[in-house]
Every structure is written in structure tokens, then in C-alpha cells.
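Take a look at the structure set out below.
None of these values were measured; they are calculated from a predicted model.
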Amino acid sequence: MSKHRGSAIWSGSVPTGKGSMKFGLNGPEVPYNLTARVEEEKGTNPEQLIAAAHAGCFSMALTSILEDAGINGADVTIETKVTATLEQKSDGFWITTLHLICRGTVPGISNEDFVTHAERAKKTCPVSKLYSSAEITLDAALN
């Protein structure tokens, strides 16, 4: 079992305050605020970090699945973009949808097989499992 850490600090009221999130013990620190969260202005917010974490986890999981299928991972490039949708419901805010767009360069595989492996990665990557309360959709294809 491995444990990974992150931290955050917030100062001020939610509408006007600001904070910073830090990755790991000595990792980068990024600022965040409400405006970046609800108005998509310049800045960072937790949903962007969730989307990036999902993209990274999914890309690694898919590469691992391709390697298990006999493909040399050194020849594989997976690019994944994720959109996390934040919605207000009657019981508060929810991340309701995570939409993955994945494009791969994978020698010696059909697009159909690539999509099959990508669907498996969508279901089995740890971040997908964590966010299973959201609808997770996938658009996967070879370059």
C-alpha cells in the first residue's frame, strides 16, 4: 500500500478569499479561488485537479492494459483530456460527469481493440473507481 499526500490552505470568505493547494510533501503549490471555480476565470480549482488526476490515472491504466495485451509500452503514447462538470443540486454541489477524450498512438492495434482496452481502463483505473458516483463517459480513438 502506498500513501500520497496533498494539502490546502484557505483564507477569507468563500466569495473573496483565496487559497493554495500543494502536491506531496515538497511538490508544487498552486493558488485557487471561487472565481476560477464557478466562472472559469484564470486560476486553479479542485475540479481541474480532479480532471488532471483522472487523465493521468486513466492514461497509465490504459498503457498497463495495452502492455498486458502484449504491446510494447515504450512505443505507446496516450493523451487524455478530462472535463469535470460541477453542478448544484438540491443537496449541494456535485461533480456529476467526468468526460474523457483519449487519443492514442499504438502500433499494431486496431481502433476497435484500442477502444475496448480504453473502456476497460475507464472502469478499472483507481480514480474512475473513486469517482464512480459521477457518470464517466469516454471518447477514445487512435490517432
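The two residues I78 and G104 come nearest to each other via the heavy atoms CD1-CA, 4.1 Å. Closest of all the heavy-atom pairs between V82 and T80 is CG2-CG2, 4.1 Å. The shortest non-hydrogen separation linking K81 to E79 is CE-OE2, 3.3 Å. Of all heavy-atom pairs between F58 and A118, the closest is CE1-O, 3.4 Å. The two atoms that bring V76 and N72 nearest to each other are CG2-O, 3.6 Å, heavy atoms only.
Residue E87 qualifies as enclosed at atom CD: its count of foreign heavy atoms under 6.0 Å is above 12.
Contact of the V30 side chain with the S20 side chain is not registered, since no non-hydrogen atoms from C-beta on lie closer than 4.5 Å. With a 4.5 Å cut-off on side-chain heavy atoms, P28 and K22 do not count as touching. Using a 4.5 Å cut-off on side-chain heavy atoms (C-beta onward), M21 and E29 make no contact.
A side-chain donor-acceptor contact under 3.5 Å links S59 to the backbone of A55. Distance alone, capped at 3.5 Å, is enough to place a donor-acceptor pair between the Q48 side chain and the N45 backbone.
Cluster membership check: L98 shares its hydrophobic cluster with L86, using side-chain heavy-atom separations under 4.5 Å among Ile, Leu, Val, Met, Phe, Trp and Tyr. There is no path of hydrophobic side-chain contacts, each under 4.5 Å, that joins I109 to I65. Hydrophobic clustering (ILVMFWY, side-chain heavy atoms < 4.5 Å, transitive): I101 and F114 are in distinct clusters.
Residue pairs that meet the ring-ring contact (aromatic ring centres under 6.0 Å, His included) test with at least one member in residues 3-32, sequence neighbours left out, are W10-Y32.
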What pairs of donor and acceptor atoms, side-chain ones from residues 126-143 against any protein atom, are under 3.5 angstrom apart with sequence neighbours left out?
from: S128; atom 1: OG; to: H54; atom 2: NE2; distance (Å): 2.7
from: S128; atom 1: OG; to: K122; atom 2: O; distance (Å): 2.7
from: S132; atom 1: OG; to: K129; atom 2: O; distance (Å): 3.1
from: T137; atom 1: OG1; to: H99; atom 2: ND1; distance (Å): 2.5
from: D139; atom 1: OD1; to: R103; atom 2: NH1; distance (Å): 3.2
from: D139; atom 1: OD1; to: R103; atom 2: NH2; distance (Å): 3.2
from: D139; atom 1: OD2; to: R103; atom 2: NH2; distance (Å): 3.2
from: N143; atom 1: ND2; to: T105; atom 2: OG1; distance (Å): 2.9

